Amino acid sequence: MDTASSSNQRSLERVVSQKAMQMSNSFPCQICVVGFLSGICIASLIMATLTSIGSFQFSHFSMLNLSFNSDLNSTIPQCSFKPKEIQRLTDLKSRKEIEQDERVSLLYSAWNCVLNKPTSGANKCLLELGINESNLLNAPHLENCKAKSQLHDRLDKRIGNDSFPPWTSWNPVAATTDQNQNFRSKAVSEGAYPPWIAGSDEENYPLTRKVQRDIWIHQHPSNCSDANVKFLLADWERLPGFGIGAQIAGMCGLLAIAINEGRVLVTNFYNRADHDGCKGSSRSSWNCYFFAETSLECHQRAFELMKSDDSLSRGILTTKENYSSKHIWTGPTPRIWGDPWNYLQPTTDINGSLVVSHRKMDRRWWRAQAVRYLMRFPTEYTCNLLNEARHAAFGKIAAKMVLESLVGEWPKKENGERPKSDIEKYVWSNHKPWIPRPLLSMHVRMGDKACEMRVVEFEEYMMLANRIRKHFPNLKSIWLSTEMQGVIDKTKEYSSRWNFYYTKVRRQDRSNVSMAEYEGSLGRERSTNYPLVNFLMAADSDYFVGALGSTWCFLIDGMRNTGGKVMSGYLSVNKDRFW
C-alpha cells in the first residue's frame, strides 16, 4: 500500500507541476497559487478516503506540500507579478529610451564634426554620420567664434581718425549708415560705455563702466605718433615659479603705473603663448588669448621708439626695468576716479561673516578693473577652447534638450536649409552660449600653496556649496577646477546630490609636487589653455566658492565683480594674506 501511495503521490506532483506551468502563462501568479493550494486540499481528502484500509499519514501531505513548493519555484521562476500588457509597455518604453540615446549620441557626434574644423573636413565628417549640413540642428552651447571675433574687432577699433567704436549700436555689424555713425560719435562723447560690462551698476564695483571706458580711451589714442604720446613697454613676468595669476597681477601693477604716468602700456613677450597653438604674430603674445591692450599702431610705434636711445633717455619710452618690484606689485592705485573702493558693498563671506573692510581695499578694486580690461574680449582661439570645454562637459545634455524640443523626427526628416531671420542674426546671436544654470564654480587650491595660505580639505568647500544651495535649492551643478586628482575622486561621495563638471586633464597625485613641476609635465600649451578656460568659466558662473589666499581666486573675484556678479557673493575658505 505504501508503494501505491508513493506512486499516486508522484503522479499528483507531476500533474501539479504541469498544471502550474500552464496556468502561469494565463493568470496572475497569486491566483495560481491559491488555486493550486485548494486543489491539494481536495486531493488529500480523496486520497484519505481511497486509502481507508491504512491510516493517512500527515507526513505524506507535508512531503507533497514541500515537493509542490520546490517544483513550483523551479518551474515558474520568471513570474514577475506583472500583467503582460504592463510588461509590453515597459519594453516599448525601454526601446524608445534606447532610440533616444542613440539620437543624442548622433547629434553630439555631429556637433563634434563642426567643432573647430574647416568646412570641408566638417562636411566629410557629417556625411560619414549620414547627416547633411543643412539639416544639422543648432548647438545652443557653442558660439560662432569667427563671427564673434569679427564683432569684437569692430568694437575695439576707432572708426576713422577721431571717432569711437560703435558701442551704442545694438548691432555694430549692421549699423553702417552715416546717421548711425554720427549718433554713435555723439553718444560716446557724452558718456557711452563699452559693451564688455554686463549687469547694472549696482551689480558691479563702483564706477566700473566709467573706468573701463576711460582705460580704453587712454590705451587707444587717436594718433599714436603724436609727440605727446608716451609709452611703457613691458614683457610679461617669466621668472621660475610665477604662475599665470602672478603674471596677470604683475601686469595689473604695470597698467596702474602707465595710467599714473600718462603712458600707453604696450605688452611684449608672453612666454605662456609660446607654443604651436598660437599662430603667426600671436605666438608669444597676449593677443593669442585676448585682444591686445592697445592698438596695432601704438604697438608698432612703441617698438620704433625702442630702437632709439634718445627716446629712452628723454623718457618718451620706459620699460619694466625702470621700476622696482615693489613699485610694480604694491605701487599706488590710480586715483583719477577718486576713492571708489571706499564704497564697495560687503558681499564676501569668510567664516560665516561678511568682510566689511580690510587694508587692501584699493588694490582689490583696481586689480578687478585692470584684469577686466586686459581680458575684455577673448580671441577666436580662446573662444574655440571654451567651445571645446562646454561641448565635452554639457554637449550630451544640450543634445537631449534640443531633441526633446523638436516637433517631428530627426535626422529622418529633411527640412532643408532655412535662412535665418533678422531677430536670429542680430538679437539672439548676441546671447551667451547655454550652460546648465544655476552653476556654481569651485576652485580648490591645494598642493604647494600651503606655503602661502591655509589649505583646507575638499569637504570644507562642499560645506560652503551646501550653504549656497540651502538658500538656492535649484542649484545642482558645480564647475570644479583643481590640480589634485584626489579632489576629483572625492566628488563621487557627493554625486547623489550634485552634478560635477570639469576639464579632462591629468592632475597631481601627490601634494608635494610644485605647481611649476606639474605644469612642466603637462606642456606649455595645455598648462596654459585649461586654466584660462577654468578662469573664464568661473567668471561666468552664477556663484563662486574659492580661497582668496590664492592670487588666482583673487583675480576671479575681480572678474566677477566687474561682470555683474557682485550680488552673487563670494564664499571663501580663507582670506588674502595681506588683508
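None of the values given here were measured: they were computed from a predicted structure.
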With a distance cut-off below 6.0 Å to the six-membered ring centre and an angular limit of 45° from the axis, does [X] pair with [Y] as a cation-pi contact?
X	Y	answer
K396	Y108	yes
R272	W286	no
K504	Y502	yes

Compare all side-chain heavy atoms of [X] with those of [Y] and state whether any distance is below 4.5 angstrom.
X	Y	answer
K492	F500	no
P438	N474	yes
I244	F535	no
M442	L464	no
D349	S572	no
E457	V487	no
N132	L136	no
Y501	S477	yes

Quiz question: by atom type and distance under 3.5 Å, do the side chains of [X] and [Y] form a donor-acceptor pair?
X	Y	value
W479	N534	yes
R445	S550	no
D489	Q485	yes
Y381	N529	yes
S421	E424	yes
N561	R372	no
E97	S94	no

Going by salt bridge (Lys or Arg N to Asp or Glu O under 4.0 Å), D540 matches just one of R560, K432, R390. Which one?
K432
Please say whether more than 12 non-hydrogen atoms of neighbouring residues, nucleotides or ligands are located less than 6.0 Å from [atom1] in [X].
X	atom1	answer
K490	NZ	yes
R507	CZ	yes
H471	NE2	no

Hey, is the main chain of K279 close enough, under 3.5 Å, to the side chain of S282 for a donor-acceptor pair?
yes
Parallel, tilted or perpendicular for H141 and H391, by the 30°/60° rule?
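Taking H391 first and then H141, their aromatic rings lie parallel (interplane angle under 30°).
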Measure the acute angle between the ring planes of F377 and H152, then classify it against the limits of 30° and 60° as parallel, tilted or perpendicular.
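Correct class here is parallel.
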[atom1] of [X] to [atom2] of [Y]: how many Å apart, nearest 0.5 Å?
X	Y	atom1	atom2	result
I248	F554	CD1	CZ	13.0 Å
E460	N574	CD	CG	9.5 Å
S429	N144	OG	CG	9.0 Å

When L142, V533, L532 are each screened for side chain to side chain contact (heavy atoms under 4.5 Å, CB included) with L386, the one that passes is V533
